[in-house]
Protein chains: 2
Amino acid sequence: MQKSIKRRATINRMQITGLALFYKNGYYNTSVDDILKELSLSKGAFYYHFDSKEDFFVQIIEQLLVRKTYSMLIEPIEGHSNTLELITECFENALETAVHNELDYGFALSNFINEFNGKNADIMKHLNEILRIWEVTLVSAIQRGKFNGHIDRHVDAEGVAVYLMSSYIGIRTLMAENTPSARKYRFMSQLRQYFKSIEVKESSY
Amino acid sequence: MQKSIKRRATINRMQITGLALFYKNGYYNTSVDDILKELSLSKGAFYYHFDSKEDFFVQIIEQLLVRKTYSMLIEPIEGHSNTLELITECFENALETAVHNELDYGFALSNFINEFNGKNADIMKHLNEILRIWEVTLVSAIQRGKFNGHIDRHVDAEGVAVYLMSSYIGIRTLMAENTPSARKYRFMSQLRQYFKSIEVKESSY
DNA sequence: GAATTAACCGACCTTTTGGTCTGTTTAAAG
DNA sequence: CTTTAAACAGACCAAAAGGTCGGTTAATTC
């Protein structure tokens, strides 16, 4: 195989397996050896391509996690139809992947934020950056909805965004252990209830 | 000092310091030596009173965490006035302690659930037990509200409970790193908005 | 086809960790 | 006052962790 290609292939394999194990067992509970064992690779290969375990993880964030978050939570709500319907559908899909908690790393971002919060400022900087983009996207979506007449123009877009993010991160935690399917259903049902309360009221006219 | 008293005093000191460090740095990032150093005690003292690090933590859950959760999230909503007002005030107070993230371990439960989810089934059993009690308390509070005529009788009590728990756990995560005060304000504001949507509608009469 | 270098191997090192064990101090009992 | 056992001290151990380093294989260059 060509060298430059082989390099990319190996790094890719490492990152994908690394993310899978980090997501499953947590960063601190996954050793470099665990990952290498899974890949049938050696220490030499790992430290040839990466400076440290932390560097490895940061690159996973930049290469994989950012894209996954984009495709799962950012892009789906950037459409031009009814904002609240877009968000509802987006959450519905994202949570569905979390129900079958296997290969599709549901919402890895949430797990890592919890794990590194107040423990590793450097990594948190990267994770917060993703959060920030998510928040901005939500806020502008809400404002678009207000402009388009779907959402009551009195609602606080930033408030709604924070509330949505909170509930999403929380339900992911609750779904991880107990009856994920039932909890997802109840959650989505109440989300729609909440959305009704910020839609334009006919009585306003 | 009398022996039986000294025993209790030492165990208490250990548990309080242990909880503080576990909460601050996480369970896996806090070594037994870290705790002992803080206490100026020795390994001998630790393993004389506790079988293992895990046993130590389980006892902290049972002795401290359960009570803290009770006094912070359970008892405040068991009153007999308007349910939604009780929950609002309860969340308000609980989140306020999280704003000054110092000595008062805001909502330690949430952190530990995130840390042990899918990693340590034994400890999760204990934490889930607390979650379950919280959920039951919320559900019966909602139902009481429906019965008392404060809450629309069409709402799904279990759904509301899950939604409340989700949003609370999520906002605690979001508050841990960035602008906790502003986020708390926005969160509470939207919580009230949501509550309005499940109150009895005058149009129903 | 020899030289060079990227890609990888695996033994080894150091630090940290949870846990053990022997010994010492101190409070209660006889 | 002696004995006894609780309460604690601290040296020690084995395993695991992140990381280093000299050596080997395979692809590229000249």
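Throughout, a chain's letter reflects where its sequence line sits, starting with A, and its residues are numbered from 1.
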* For B:Tyr47 and C:dT20, is the shortest distance between a side-chain N/O and OP1 or OP2 below 4.0 Å? -> no
* Atom CZ of B:Phe46 and atom P of D:dA7: how far apart are they, to the nearest Å? -> 16 Å
* Return the value, rounded to whole Å, for the distance between atom CG of A:Leu39 and atom C1' of C:dC9. => 15 Å
* Structure fact -> Rounded to whole Å, CD1 of A:Ile5 lies from P of C:dA7 at a distance of 12 Å
* Asked: Hey, does B:Lys53 reach any base, or is it just sugar-phosphate, or nothing, if we go heavy atoms under 4.0 Å?
  -> sugar-phosphate
* Side-chain contact, heavy-atom cut-off 4.5 Å: B:Glu115 with A:Asn114? -> no
* Asked: Counting side-chain heavy atoms from CB outward, which of C:dA7, D:dA17, D:dA7 is closest to A:Lys6?
  -> C:dA7
* Just to confirm, is there a sub-4.0 Å distance from OP1 or OP2 of D:dA6 to any side-chain nitrogen or oxygen of B:His49? -> no
* Are A:Gln193 and B:Asp156 close enough that a side-chain donor and a side-chain acceptor fall under 3.5 Å? -> no
* Of A:Asn29 and A:Gly44, whose closest DNA chain D nucleotide lies nearer the 5' terminus? -> A:Asn29
* Distance test, side-chain N/O of B:Arg7 to OP1/OP2 of D:dA7, below 4.0 Å -> yes
* Take the protein atom CZ of A:Phe50 and the nucleotide atom P of C:dC8, then report the distance between them rounded to whole Å. => 11 Å
* Structure fact -> In whole angstroms, the gap separating C1' of D:dG10 from NZ of B:Lys37 amounts to 16 Å
* **Nucleotide D:dA6, atom P - distance to CD1 of B:Ile11 in whole Å** => 13 Å
* Rounded interatomic separation in angstrom, taking CG from A:Leu36 and C1' from D:dG18 -> 11 Å
* Check the side chains of A:Asp152 and A:His154 for a donor-acceptor pair under 3.5 angstrom, ignoring hydrogens and angles. => yes
* Asked: Does A:Lys119 make a cation-pi contact with B:Tyr28, if we ask for NZ or CZ under 6.0 Å from the ring centre and within 45° of the axis?
  -> no
* Asked: So which of B:Glu92, B:Glu89, B:Glu85 actually passes salt bridge (charged side-chain N to carboxylate O under 4.0 Å, His left out) with B:Arg192?
  -> B:Glu92
* At under 4.0 Å, does any side-chain N or O of B:Tyr48 touch on OP1 or OP2 of D:dA7? -> yes
* Rounded to the Å, how far apart are B:Leu41 CG and C:dT25 P? -> 17 Å
* Under 4.0 Å between a side-chain N/O of B:Thr10 and OP1 or OP2 of D:dC8, yes or no? -> yes
* Which residue, B:Asp51 or A:Ser40, contacts DNA chain C at a nucleotide closer to its 5' end, judged by nearest heavy atom? -> A:Ser40
